[in-house]
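Side chains are part of it too, since the values below use all heavy atoms of this structure and drop only hydrogens, waters and symmetry mates. Nothing here was measured: the structure is a model prediction, and the numbers come from that model.
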Amino acid sequence: MILSIIGITLGTIAIVLGFWDKKDHNMSANLLEGDTKNIEQAFIALQKEFTEYQVFNERKREELEKIINKNRLNSERSIGKIYKDLEPEIKNNKIRFDNLLNN
């Protein structure tokens, strides 16, 4: 008799634990699913932000290249103009180099 009571009690405990485990498993699965969705959204947002960052940097690089090329061309023109202005004077020996070195 005592063994049958112990057996029924253990069986009931096993059934209750089975239902409790199933409920706990479903709750954990729901929490993991929510976390997975949040992580996916965060990853998509990170990809979008990184793409915008790349586009911004590419535009900024192109802009800086244009500025550098413009400055280079202006410098080349200035140097060319100075060279053209000095060339006849050098040929005619009008420049006294000792005066330039003393200043």
Next on the checklist: I need the Ile39 CD1 to Leu32 CG distance, nearest 0.5 Å.
Outcome noted: 9.0 Å

Item to check | Separation between CG of Leu46 and OG1 of Thr51, rounded to the nearest 0.5 Å | outcome: 9.0 Å

Next on the checklist: If I take atom CG from residue Asn26 and atom CG from residue Leu31, how far apart are they, to the nearest 0.5 angstrom?
Outcome noted: 11.0 Å

Item to check | Atom pair CZ (Arg72) and CZ (Arg77), whose distance is rounded to the nearest 0.5 Å | outcome: 10.0 Å

Checklist entry - So how far is it from Asp24 CG to Leu17 CG, rounded to the nearest 0.5 Å? => result 11.5 Å

Next on the checklist: Return the OG to CE distance between Ser4 and Met1, rounded to the nearest 0.5 Å.
Outcome noted: 6.0 Å

Checklist entry - Is there a side-chain contact between Glu76 and Leu73, using heavy atoms and a 4.5 Å cut-off? => result yes

Checklist entry - What pairs meet the side chain to side chain donor-acceptor pair (under 3.5 Å) rule with one or both residues in residues 54-69, with sequence neighbours excluded? => result Tyr53-Asn57, Glu58-Arg61, Arg61-Glu65

Checklist outcome for this item: Here the side chain to side chain donor-acceptor pair (under 3.5 Å) pairs for residues 27-42, sequence neighbours left out, are none

